[in-house]
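These notes concern the structure reproduced below.
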Number of protein chains: 2
Amino acid sequence: MDERKQRVLQAVVQDYIESAEPVGSRTIARRHDLGVSPATIRNEMADLEMLGYLEHIHTSSGRIPSSKGYRFYVDGLMQPTRLTEEEKAQIDHWYRARVKRIEEVFQETARLISHVTKNVALVLAPQMKKSAFRCLQFLPLDDRRSVAVLMTDAGFIENRIVAMPSGATFEDFQRMARVINDCLTGCTLDAIPKAAYRKIRSEISDENLYEAALDVISRALDDTEGRDRLYLGGTREMLSQPEFQDVERVKEILLMLEEEQLLKEILHAHLGEGLRVTIGRENDYKGIQDCSIVTATYHLDGELLGTIAVLGPTRMEYGRAMSLLGYMNEHLSDVVRRLGWQG
Amino acid sequence: MDERKQRVLQAVVQDYIESAEPVGSRTIARRHDLGVSPATIRNEMADLEMLGYLEHIHTSSGRIPSSKGYRFYVDGLMQPTRLTEEEKAQIDHWYRARVKRIEEVFQETARLISHVTKNVALVLAPQMKKSAFRCLQFLPLDDRRSVAVLMTDAGFIENRIVAMPSGATFEDFQRMARVINDCLTGCTLDAIPKAAYRKIRSEISDENLYEAALDVISRALDDTEGRDRLYLGGTREMLSQPEFQDVERVKEILLMLEEEQLLKEILHAHLGEGLRVTIGRENDYKGIQDCSIVTATYHLDGELLGTIAVLGPTRMEYGRAMSLLGYMNEHLSDVVRRLGWQG
DNA sequence: GTTAGCACTCAGGGGCAATGAGTGCTAACC
DNA sequence: GGTTAGCACTCATTGCCCCTGAGTGCTAAC
């Protein structure tokens with residue numbers, strides 16, 4: 001793949017991303033200064049098609065990039081788009097004006113990303129179960145029930161009503177809490193060692209109370225599942241993209257977007273990989289093989305927190321999406337640090 | 001409006017709901033046994049159009065019901081559809097299989113409703129601020145912060161990290177909690193009387209501590225805002241309705257559905273009115289004046305809890321939607337009672 | 001190796017007629 | 001007087017044809 005082929009590929013990808021129309025040799029010759037005639041470009045394009053970087057709907061339509069073509073473009077040809085200071089200022093302003101409570105951060109982040117990129121934004125909120133046990137405490141509710149409050153290092157707090165076994169007093173529960181605290185402090189919630197359970201067993205002699213303790217722990221952990229909430233925004237923005245003029249395709253993508261569990265899986269799969277682009281066919285899930293996803297993971301004090309992503313047609317402004325995610329990343333870590341995340 | 005006109009109107013509405021095509025006199029004569037010829041039906045239809053119950057796209061197309069026509073149908077002509085025992089069993093089964101945690105109830109309810117009605121389902125989860133203060137307690141976090149846990153009668157539990165003013169000890173905070181509990185017990189969160197605040201003021205002499213107490217209360221209440229979460233399901237189901245073959249219309253409705261705040265307002269507006277149908281033009285919001293909403297409020301022990309709704313094109317199976325909502329209503333009250341709602 | 005020229009392809013759009021569902025009106029019927 | 005058959009008329013939809021224009025692929029000349 002010589003220099004000139006690369007320049008042609010770059011031209012095709014850029015023009016196609018901009019216009020959403022198959023691009024022809026003539027257009028490229030006119031709009032890019034390659035110093036050769038359309039005929040030459042035609043030859044190059046034919047070669048690029050042979051090599052799998054470009055595609056053809058039918059004879060006599062222009063070329064569009066294949067997944068492989070986009071991949072080459074993203075990896076090598078694309079010039080990194082930087083957000084302008086003005087754009088950054090606008091984002092900061094929006095954030096400041098809109099986000100009053102921590103719960104709003106994620107929804108607003110999604111909204112902002114979708115607004116800027118005109119694509120769907122996905123934000124996976126911090127995962128409670130990845131953070132470390134800090135302490136468990138009980139509050140009395142009535143004579144049959146009490147409230148278990150679980151706190152973790154990342155600042156998550158989770159509560160759950162638990163029934164007290166008949167005969168057990170609130171004091172028993174508080175004693176139980178002390179035992180659990182001793183044994184679990186520092187454990188990551190999704191990886192509590194067997195030894196910890198054994199230790200708790202050995203310290204709580206009463207059978208009923210031990211059962212209750214296990215119940216409390218498992219239910220507290222259970223709850224954390226639902227907490228890695230997914231925020232989604234910009235369905236409508238994306239539908240204004242020309243690729244979604246067809247109702248069938250719209251339905252297809254909406255079907256996909258309603259599968260929250262599936263989306264979470266996809267984001268989880270990319271967790272911890274920094275900034276990453278997955279293009280078209282590279283996606284494992286068939287429903288989005290004509291889409292691309294840009295994901296980024298945000299951290300707090302070195303601790304993995306969550307993922308933000310842009311999902312849109314393969315014809316996407318990759319550079320822009322990537323730099324935006326990078327910027328939002330910092331922002332998000334920052335806001336979470338500042339306001340403190342409480343689950 | 002004589003008997004026969006009503007039967008014709010009924011026939012038109014039913015056929016149109018079923019077929020989504022404008023219905024003509026001939027079709028009605030064939031499919032409904034009115035005992036008169038198409039010509040007679042034509043005359044009746046012309047009259048019904050005069051009276052505003054039917055509409056015409058252009059000469060020589062069949063009639064479709066107007067909002068007024070649907071209203072008359074819903075209020076008087078519609079025969080109440082009952083869910084079959086089989087359907088009920090299926091719903092029960094789905095519920096049992098899917099709902100493991102209380103948080104899932106609402107999402108699954110939305111999913112189920114949309115699945116059955118092929119329309120968008122909206123579920124407004126219980127409103128914390130409408131329930132009554134039960135107690136406030138503190139848990140120690142570290143030497144500068146503690147966790148405030150607020151519980152209400154409906155079983156909501158809400159927690160918040162609060163900074164302790166320098167000089168204040170955790171014991172001070174516990175004393176403060178006792179005062180607040182004494183003063184606020186039984187107050188509905190969104191209507192705390194001025195007198196209660198005065199009482200707190202008189203019992204807490206320390207200025208800093210009083211400030212902190214107000215802060216705790218206001219922030220606890222603040223949080224409750226975000227808690228009346230809206231669950232939404234079935235966008236895709238609705239889009240398979242023939243009225244949404246047009247991409248423009250799809251975008252319009254999606255724009256609407258992304259405005260969570262607006263949807264909440266709409267549901268709030270119908271709160272406490274039992275089972276209610278709002279048809280087409282009757283909607284205050286322009287964006288959905290070609291849609292209908294069926295809403296129902298669910299209760300627990302006489303206490304208002306939330307709203308569930310079906311949103312779809314005016315051509316909707318009203319009877320079915322209504323009986324389904326009625327059934328889900330019971331179910332929801334029941335599940336919330338059984339599992340206990342924790343916010 | 002590059003380019004001009006030319007034949008060929010194919011989607012999209014406009015024009016046009018045929019089709020068919022449906023109305024509205026009038027005159028005949030019971 | 002209400003009901004109905006008959007008929008002219010309307011209009012959206014469909015299929016068809018043709019044209020246009022953008023674009024390719026090939027060949028021969030530069």
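Everything numeric in this text was worked out from a predicted model, so none of it was measured. Below, chain A is the first sequence line, B the second, and so on; all start at residue 1.
- There is a side-chain donor-acceptor pair under 3.5 Å between A/Tyr285 and A/Glu265.
- Residues of residues 17-26 of chain B having a heavy atom closer than 4.0 Å to DNA chain D: none are found.
- If you check residues 39-66 of chain B against DNA chain D, the residues with a heavy atom closer than 4.0 Å are B/Ala39, B/Thr40, B/Arg42, B/Asn43, B/His58, B/Thr59, B/Ser60, listed by number.
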- [ ] Start with the C-alpha gap between A/Met1 and A/Tyr53, add the side-chain angles, then the distance that decides, and say whether side-chain contact (heavy atoms from CB on, under 4.5 Å) holds.
- [x] CA-CA 11 Å; A/Met1 181 104 116; A/Tyr53 294 104; 3.8 Å; yes

Can you give the donor-acceptor pairs under 3.5 Å from side chains of residues 23-36 of chain B to other protein atoms, not counting sequence neighbours?
from: B/Ser25; atom 1: OG; to: B/Arg42; atom 2: NH1; distance (Å): 3.3
from: B/His32; atom 1: NE2; to: B/Asp15; atom 2: OD1; distance (Å): 2.7

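- The OH atom of B/Tyr70 sits 10.0 Å away from the CE atom of B/Met316 when rounded to the nearest 0.5 Å.
- Among A/Val294, A/Leu124, A/Leu275, A/Thr278, the single residue meeting the side chain to side chain contact (heavy atoms under 4.5 Å, CB included) criterion with A/His270 is A/Thr278.
- Rounded to 10 degrees, the angle separating the terminal helix axes of the helix from C/dG1-D/dC30 to C/dC30-D/dG1, each built from five base pairs, is 20°.
- Non-hydrogen atoms lying under 4.0 Å from DNA chain D are contributed by nothing in residues 2-10 of chain A.
- When DNA chain C is scanned 5' to 3' for any atom under 4.0 Å from a heavy atom of chain A, the first and last hits are C/dT2 to C/dA11.
- Annotation: the span from A/Ile91 atom CD1 to A/Tyr327 atom OH amounts to 6.0 Å, rounded to 0.5 Å.
- Judged purely by atom type and a 3.5 angstrom limit, A/Gln241 has no side-chain atom pairing as donor or acceptor with the backbone of A/Met238.
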Task: A/Arg315/A/Glu243 under side-chain contact (heavy atoms from CB on, under 4.5 Å): CA gap, chis, key distance, verdict - done: CA-CA 9 Å; A/Arg315 191 189 60 79; A/Glu243 13 274 290; 2.6 Å; yes

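- Remark: A/Leu48 CG to A/Gln6 CD distance equals 9.5 Å, nearest 0.5 Å.
- Note: B/Ser292 OG to B/Arg71 CZ = 8.5 Å, rounded to the nearest 0.5 Å.
- A 4.5 Å side-chain heavy-atom check between A/Ile293 and A/Val310 finds every atom pair outside the cut-off.
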- [ ] Report the C-alpha separation of B/Thr235 and A/Glu258 in whole Å, then their side-chain angles, then the decisive distance to 0.1 Å, and conclude whether the side-chain hydrogen bond (donor to acceptor under 3.5 Å, both in side chains) test is met.
- [x] CA-CA 8 Å; B/Thr235 325; A/Glu258 269 193 11; 3.2 Å; yes

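- With rounding to the nearest 0.5 Å, the separation of CD in B/Glu237 from CZ in B/Phe244 is 13.0 Å.
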